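Data block below; observations after.
Computed from a predicted structure; not experimentally measured. Indexing begins at 1, ligand by ligand and atom by atom, following the structure's order.
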Amino acid sequence: MKSFRADYVFPIYADPIKDGIVTVDDNGKIISVTDQMPADPSSVEQLKGIICPGFINTHCHVELSHLKDKIPQNGGLVNFIKDVMQYRNADSKAIEAAAIKADNEMYENGIVAVGDISNSNATIALKANSKLYYHTFVETFSFLPERAEEVFNNGLALLQQFKPQSCSITPHAPYSVSKELFKLIKKYCDTTTRNLVSIHNQECDDENKFYRYKLGSFNELYEHLGIDITHFKPQARNSLQSIIPLLTSKQDILMVHNTCTNLKDIYFIKRFDRRIHWCFCPNANLYIEGVVPKVDLFLNQGFNITLGTDSLASNGKLCILSEMLTLQQKFPALGIEQLLTWATLNGAKYLGIDYQKGSLEIGKFPGLNLITGLDDMKITPDTKVRRLI
Ligand SMILES: [Zn+2]
C-alpha cells in the first residue's frame, strides 16, 4: 500500500481536494481519496504539485513511430500523406523497435491507455506485452467503389489477427473511403455488439473543398497515385455533413482532428442520432497544417471531448501533457480541470474503460500522475508530468 499527498488531488469525477491524499494498494487499486491525514503520517509521501489519474491517449499510430523527424513540417495534409505512403514501409525490425520505444515513451509520460490506429499487424506483439491498455482500430481505406468489398474483407482478416485484444474496424477519412466501403462498415457496426469507430475528420480545408466542389489538392493526390476518381461527384455538402448519414447510430464514433470543423457542422451533428465524440490532437495539426481546431466552438455543446497525440510522424513526442499545453496557450480561458477531464475520464469513457480508468474512484486502477510546475493552475512550458505508479 502507498499514500501520496499533494497540494491538490484531482479525482476528476468530483471536485479537486486541497492537500488531498490518495492511497493505492500494491496493484494500483484506489483505496481512498481524502484530505484526512492517517494515524501514521510517516506512511504518506508528501509531494509538490497536483495528482491526477493516468492519461488516456485516444488517437495514435504506434506503427508509424519510425517516421519520427522524417516528414517536413507545415507541408499540408496531402504532402504529409504522400510522405507517409513513401516512407511507411521499412525494415520490420526498425518498425518494431521504434514502436516499442514509443510505447515506453507513452508510459513515461503518464499515459495508461491508447486508442491506436493500425493498418498492419506490426504492433500485435507489442500490444500483447505492453503495460498500457490498447484498443486497436483496424483502419480501412479505398476511394474506389469496386475495391470496397476486398478492402473491407482484408480489414476483417486483420481484425481477427488482433483478437482477443480489444479492437474494431474503422474507416480512415472521408476523402479516402468510398460510399460503398462506408456502407459495409456501417452494416457491420449496426449488427455487431461493439465496434468503436474512429475517423480522421476535416483535417484541412481542402477536404471540405473536395466534397463540395471536387476542387483542391485531393484531386492531385489521386492523380499522383494514378487512381481514377471520375465516379466521385461534388456533394451538396462538406465532408462531415456528407458522411454523417453513412455512419452508424449504434456505436460510439470519435471524430479526430476537426481542424476545419465549424459551428454549422456541430449543429448539423446535433440533428442526427449519432454517438459523436471529438478528439483534438493540436500538436499534429500544428506540425502538418500550422493551425489548430476552433476548440472554443465545441465547449458547452454537450459532447465528450478527448485528446490524442497522433503519431510520431506528425509529432515530436507522444505526450498528452504537451497537447494540453498547446491548448492552454491557444485558448487561455481553458481551465486545468477541464483539460484534465479531456485528458483522462473522457477518453476512458469513449474507449469504454471508465469502469477501471480515467478517475480516482475507489476500486479503479487509473494510474497516478504528478503534475508539477503549474503557474497559478495554468500549464506552462515548465510544467512536467511524472508517473507515480
Ligand atoms: Zn491519425
Show the numbers, then the answer: is there a salt bridge (charged side-chain N to carboxylate O under 4.0 Å, His left out) between Lys349 and Asp354? CA-CA 5 Å; Lys349 279 183 181 166; Asp354 51 316; over 6 Å; no
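With Glu203 contributing its side chain and Asn285 its backbone, the two residues share no donor-acceptor pair below 3.5 Å.
Closest to the Zn ion (ligand 1) among the N, O or S atoms of His61 is NE2. The Zn ion (ligand 1) lies closest to atom OD1 when only the N/O/S atoms of Asp310 are considered.
The nearest N, O or S atom of Cys60 is not closer to the Zn ion (ligand 1) than 2.8 Å. Under 2.8 Å from the Zn ion (ligand 1) lies no N/O/S atom of Cys281, from backbone or side chain alike.
Relative orientation of the Phe268 and Phe272 rings is tilted, given thresholds of 30° and 60° on the angle between their planes.
Outside the 6.0 Å centre-distance limit, the rings of Phe182 and Phe152 are not counted as a close aromatic pair.
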